[in-house]
Each structure stands twice: as C-alpha cells, then as structure tokens.
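First up is the structure itself, then whatever we jot down about it.
In each ligand, atom 1 is the first atom listed, and ligand 1 is the first ligand listed. No hydrogens, no waters, no symmetry mates; every other heavy atom, side chains included, goes into these values.
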Amino acid sequence: MSMPHETMRFLAVHPSCLMYSKIFLRLEPVGLELVAAAARRAGHSVRVIDLQVETHADYFRLLDEWAPDVVAFSGNYLANVPEIVDLAKATRARLPRAFVFTGGHSVSFTADEVLRHAGGAIDCVLRGEGEPPIETLLDAVAHDRRSLDRVPGAVMPDAQGPAPVFVGHLDDLLPARDLLRHRRKYFIGQLDPCASIEFSRGCPWDCTFCSAWTFYGRSYRVKTPECAVEEIAGIREPGLFILDDVAFIQADHGMAIGEAIARRGIQKRYYVETRGDVLLRNKEVFKFWARLGLKIMFLGIEAIDEEGLRKFRKRVSFSKNFEALEFARTIGVNVAINIIADPAWDRERFRVLRDWCSEIPEVVNISVNTPYPGTETWLTEGRKLTSRDYRLFDIQHAVLPTTLPLHEFYEELVATQQVLNRKHLGVGQIWGATKKVAKLLAKGQTNFVKMLFKFGSVYDPDLQYADHQRPVDYEMSLPPPPREAVERAALYVHQAAGRRRREIDASTERFVDETRIGVAD
Ligand code: B12
Ligand code: SF4
C-alpha cells in the first residue's frame, strides 16, 4: 500500500561562482533544474536559488521566509564543498527539522568525506543522476526516514542505499528553467543571455584526467531529435550552450537535430565542446551547424606536443588537432582551445606556450593540471598534493608541487593568461565587437561587457598566491598510495554496462576504440 502523499517545500540550491565563472561565463544549473523538475513532478512545492547570481543573504532570507522542509545542494564542483558544508550547518541551525542533502558530480565521488565534514548537518548524499531517486527519497523523508536506505544512490552517515540508477530516457523530463529568477545573468562571451541544453549524456572515451566517463559508467545516451528541438523551441534566450561533453559524436544524431531546427526556422547562436577527431570525422554536421548559428566551439587539445597528449591519454595526434583547427577556421566558427599547464612547468615552458598562442588566431584557455577524485590520475599520480583545500581544486590553482616557487608560477600563469586575454578581449577585439557590445548594452545585457574589464581584478598572482595562505576548515583526504594500474570498475559511480549503454553505431564504437587506450568494457 502506498503512503498518502504529503506536499513538502523543496528548495534546490546552486552554490557560488568559482574563479572561472566569475569571468568567462556563467551558466544556468541544468542538473539542479532537472532535480527540481523531478521533485515538482512528484507533487512538491519547489523553488530554486542560484548563488552564482544571488547572495548568501538572499539564501538566508528565503530560508526565513519560506521555511523549506527539504534543502538540496548541487555539488558538481569539488571547490564548492566547503561552501556547501558551511551553508548546510547554517541551515541546520536555522531550520533544525529540515532535511538537508546534496548530490551531483563531485560529491558522488566523495560522499563519505562530505558527510564527515558536515558532522550531522547533511543528512544524505545522493550519488549519481539526481532525477530517478527524488520521489522515493522525498517519500522516505516525509514518512519514514529509516527507509532512506532503500533509495538508490543514497549515502547516510550510518547507512547506504542500493547502487544509483539511470534515468529511463533523457526525453522523460524537462529542466525546470522557469524556476530560475535571474535568467538574463547567464552568458558565455557574446552569447548573452544564454541558456543551456543537453543533447546527450556521458562520454564513451576514457581520458585519465577526466571523471565524465567514470561518473556515467562509460555510457552514452541521447535525447531524441524531436524532443531536443521541442525543448529548444521553448527556450527564450537567443544563445544556447550545448552541455554535451563531446558534441555530435554520432553524425546522424547531430544532423537530425540540426535539420529539425532548420525546418522549424529557429534562429539562435550556439556553443559546443568537442574533440578534434570528432570534428574531422563529422565535418558535414559541423558545417551544417555553422550555417544554423554555431558561433563558438571549444576543443580540448590539452597539450601542444605529442608527449603531453600521451600523458593525458588523448589519442588525437598533434597534427590531427591542427587539421581540426584548420577545418574549423574554414567554416567560420570561432574556436577556443584548452591547454593544460602542469605545475612542473618552468618559465621556458610558459614562454613556448605564449609564443605558440600568439601565432594562432584561436582563443586559448589555460587550465592547471589538477587530479580529481573519480579520475584515474587521482590514483596514479605519483606527486604528493601540496594542498588539501577543496577551494583550490578549480583548475586555476596549483595543488601539485611547482618547479618554480609558487608565486613565480602564478606570475607566469597569469602573464600567459594576460597575453591571451589582451589578444582576444583587448582593444582590437572590443572594437571588433563594438556593434555587438552596443546592441547588448541597448538591451541592458551587461554580462559580456563587464567581463571584458574584470579580468585583472580576479586573475592576479598575489591573490592566487594568497588563496593558499587561507585557514583550511575542511581538509580533503589524501588519495591512497599511487599505483600503476587502476581497477576501473572501482572508479564508476554508475556501474558500466558496456556496449549496450552506448547509443552509437558500430562504426562509431570502432572509431572510439581506435582513439582511446582503455581496455575496460
Ligand atoms: C557544463 C559544464 C560546465 C559549465 C557549468 C554549468 C553550470 N552552471 O553548472 C561551465 C562551462 C561553466 C563549467 C565550468 C567549469 N567546470 Co565544468 N562541466 C560541465 C559539464 C561538461 C556538464 C555539466 C552539466 O551541466 N551536465 C548536464 C547536467 C544535466 O548534468 P549534471 O549537472 O551533472 O547533473 C546531474 C547529476 O550530477 C545530478 N545532480 C546535479 N546537481 C544535483 C543536485 C542534487 C541535489 C542532486 C540530488 C543531484 C544533482 O543530477 C543531475 C541530473 O542527472 C561537466 C562534465 C560532466 N559530464 O558532468 C563538467 C565538469 C562538472 N566541470 C568540471 C570543471 C573542472 C569545471 C571548471 C572548474 C573548470 C573548467 N574550465 O571546466 C569550471 C568551474 C565551474 C564553476 N562553477 O565555476 C569538472 C568537475 C571537476 C570536479 N570534480 O570538480 C567536470 C566533471 C568536467 C571534467 N571532465 O572533469 N562546467
Ligand atoms: S573525451 Fe576525454 S576529456 Fe572529453 S569528456 Fe570524454 S573522457 Fe572526458
């Protein structure tokens, strides 16, 4: 017999910006919106607050005024863990009876630790995809908290539920976009304002530094083109960030969505992230999307030499990556590329990178090599972490030993970022973008323009260095002693189910196999 339904007040919270999202972009939290949608579908009264665009004071005001029964924090980013723990403690103090839980990417890999830091202020960490277990979880909270151990993915201080489960189909639920109160605050570069959407979930590759594949058990699932285009048609923003880890892996899927957009006459500007080899394999799809309005493409090239690529287990060769850049230029899409700087770099390495970047027209983004829980490098990296402060794990800080004295490392890093920033966001670029800037300002859209001038106040070697001197309230556990080989099954949040969980055709599966090194399922 099922219990009578009880409506609860459910508050979903996204934590504050990290360094990166203070400058380059700020996006709506689609994962949290999906969790909110699942709670709403289960009949609860739901609100969402995004602390990327609202303040802690706004959050506490909402707690006092609305007194939610349940508060859920999105824990995608490791660097947000201390903020989430502190907010959970403050929430417990104000609303002792509220059920407080967290879920999302990073906390799925660190559930026990997060519960330990919270010391009872977080009742549960929900590992894995958040939509499927929400209804059962909220029923258990309303009627019998002892039955929480029946909720898939639930981890409590003294009990644990069964393994996390996947959503039935990506078409099943739409993100609760209407619950976000400041939608005009989301942007990426000149796509301002910008909404976000998923066409697919998961990644079939297995790069050593990445946890996208370990979270989803190397699965890859797609939204049907019909559903995707229906969703796009309902989005008001003129810009659209496509959240897929690797866009358009399967050519006919990307093409079908594109054709449906063209048939509906939808006019938007798009951003995607993909791999160089996928771009070269599916040229027609990207060409078609360039005509539809694809404006920015982010390519994870990671290193500018073969040795670096091998290290990150990117099987895309350096020359292939170059060919991909050449091709992207010909279709008129702006390319941003990501390069991973290693803390071991000396001045010379930074200089080589600066020279290289000055020679190419693309926007270059630099991130710092950072081992994350849930990745292979977390277990194989031989170097000892120099910091156990979660807040520094945002790939803009060095948490591995630097060859240069730490302050000098930041000087080089910021100097390199400045060169790139001047090149792309500097005067020439602003003039180049004048018309666009004037249009945005006329509409009251100031995100992009503000970003152009804010860089120096956020990216500053003194500030980055000072971040290491702050007192640390919550220390991460160290990884176990480094080992050569890693048992992959132990890394997964959603257990791998092999080929049948990858919605790609046989030739794409072969292509993936040829471009990765892994041996698991
Ligand atoms: C889009 C994206 C971004 C967007 C952020 C969008 C946003 N506002 O959240 C942008 C581009 C801004 C971004 C930036 C960064 N990102 Co990012 N990003 C992603 C990406 C590709 C997809 C996330 C996404 O929206 N997926 C679609 C939605 C539907 O899935 P989801 O958010 O994971 O939500 C599901 C579950 O996690 C869970 N869930 C989520 N929230 C909650 C909350 C509750 C209560 C519950 C129960 C469940 C739950 O349920 C959801 C539905 O199933 C992931 C990779 C990945 N595949 O996860 C990396 C990823 C999360 N990013 C990562 C990193 C490192 C960063 C950066 C630090 C650096 C960078 N340059 O990438 C910055 C800093 C971000 C910041 N906050 O300042 C890492 C995280 C590493 C870590 N362990 O912390 C990831 C895993 C990429 C990777 N390959 O390593 N990112
Ligand atoms: S291709 Fe590699 S880096 Fe990119 S999402 Fe997949 S596993 Fe991660």
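- Put simply, part of Phe101 is less than 4.0 Å from ligand 1, judged by heavy atoms.
- Atoms of ligand 1 lying under 4.0 Å from any heavy atom of Leu126, numbered from 1 in the order shown and given with element: 47 (C).
- Note on Cys210: counted as a metal contact of atom 8 (Fe) of ligand 2, an N/O/S atom lying under 2.8 Å.
- For Asp245, every heavy-atom contact with ligand 1 shorter than 4.0 Å involves the side chain, none the backbone.
- Counting atoms of ligand 2 from 1 in the listed order, those under 4.0 Å from a heavy atom of Trp213 are 7 (S).
- Not a single heavy atom of Arg26 sits less than 4.0 Å from an atom of ligand 1.
- Annotation for ligand 1: atoms under 4.0 Å from non-hydrogen atoms of Leu34 are 29 (C).
- For the residue pair Asp58/Thr55, the side-chain donor-acceptor check at 3.5 Å is satisfied.
- Listed by number with element, the atoms of ligand 2 under 4.0 angstrom from any heavy atom of Arg275 are 1 (S).
- When the options Gly103, Gly75, Ala36 are ranked by their closest heavy atom to atom 46 (C) of ligand 1, first place goes to Gly103.
- If you check each of Asn338, Thr375, Val167, Leu243 against atom 22 (C) of ligand 1, the one with the closest non-hydrogen atom is Leu243.
- At a 3.5 angstrom cut-off on N or O pairs, Glu198 does not count as close to ligand 1.
- In terms of polar-atom proximity, defined here as any N/O pair under 3.5 Å, Tyr77 does make such a contact with ligand 1.
- The distance between the ring centers of His117 and Tyr474 falls below 6.0 angstrom.
- Listed by number with element, the atoms of ligand 1 under 4.0 angstrom from any heavy atom of Asp394 are 68 (C).
- Evaluated by nearest non-hydrogen atom to atom 28 (C) of ligand 1, the leading choice among Ala38, Pro132, Gly374, Gly31 is Gly31.
- Nearest to atom 10 (C) of ligand 1 by heavy atom, out of Leu18, Leu25, Asp50, is Leu25.
- The residues Lys185 and Glu54 are annotated as not salt-bridged, no charged nitrogen and carboxylate oxygen being separated by less than 4.0 angstrom.
- A salt bridge does not link Lys320 with Asp277: every distance from a Lys NZ or Arg NE/NH1/NH2 to an Asp or Glu carboxylate oxygen is 4.0 Å or more.
- Checking Tyr372, Tyr271, Phe73 against atom 81 (C) of ligand 1, the nearest heavy atom belongs to Tyr372.
- Taking the six-membered ring wherever Trp is involved, the centroid distance between the rings of Phe109 and His105 falls below 6.0 Å.
- Residue contacts with ligand 1 leave out Pro373, since none of its heavy atoms falls under 4.0 Å from the ligand.
- Residue-ligand proximity, Glu129 to ligand 1, at heavy-atom distances under 4.0 Å covers atoms 50 (O), 53 (O).
- Defined by atom type and a distance below 3.5 Å, a donor-acceptor pair is missing between the side-chain atoms of His468 and Ser387.
- When only interatomic distances are considered, the shortest N/O to N/O separation between Arg201 and ligand 1 falls below 3.5 Å.
- Shown here for Arg47 and Leu62, the closest heavy-atom pair between the two residues is NH1-CD1, 3.5 Å.
- By the 4.0 Å N-to-carboxylate-O rule, Arg177 lies too far from Glu237 to be salt-bridged with it.
- In plain terms, the two heavy atoms of Phe199 and Trp289 that are nearest each other are CE1-CH2, 3.7 Å.
- Residue contact check: Ser74 has heavy atoms under 4.0 Å from atoms 40 (C), 41 (N), 42 (C), 43 (C) of ligand 1.
- Arg281 and Thr508 form a side-chain donor-acceptor contact under 3.5 Å, judged by distance and modelled atom types alone.
- Proximity of Glu28 to ligand 1, defined as any heavy-atom pair under 4.0 Å, is confined to the backbone N, CA, C and O atoms.
- Side-chain contact annotation: Thr91 with Tyr59, donor-acceptor N/O pair under 3.5 Å present.
- Listed by atom number, the atoms of ligand 1 under 4.0 Å from Ala72 heavy atoms are 45 (C).
- Taking the ring centroids of Phe286 and Phe248, they lie under the 6.0 Å cut-off.
- Annotation for ligand 1: atoms under 4.0 Å from non-hydrogen atoms of Gly130 are 38 (C), 48 (C), 50 (O), 51 (C), 52 (C), 53 (O).
- The shortest separation from a heavy atom of Cys210 to ligand 1 is under 4.0 Å, placing the residue in contact.
- Annotation for ligand 1: atoms under 4.0 Å from non-hydrogen atoms of Glu131 are 52 (C), 53 (O).
- Under a cut-off of 6.0 angstrom, the local environment of CZ in Arg236 is sparse, with at most 12 non-hydrogen atoms contributed by other residues, nucleotides or ligands.
- For the pair Val368/His397, no side-chain contact is recorded, criterion being any heavy-atom separation below 4.5 Å from C-beta on.
- Of the charged side-chain nitrogens involved, at least one lies within less than 4.0 Å of a carboxylate oxygen, so that Arg201 and Glu131 count as a salt-bridged pair.
- A donor atom on one side chain and an acceptor atom on the other are not found under 3.5 Å apart for Gln396 and Asp394.
- Ligand 1 has a nitrogen or oxygen under 3.5 angstrom from a nitrogen or oxygen of Leu78.
- Here Cys203 has side-chain heavy atoms under 4.0 Å from ligand 2, and that is the only part of it that gets that close.
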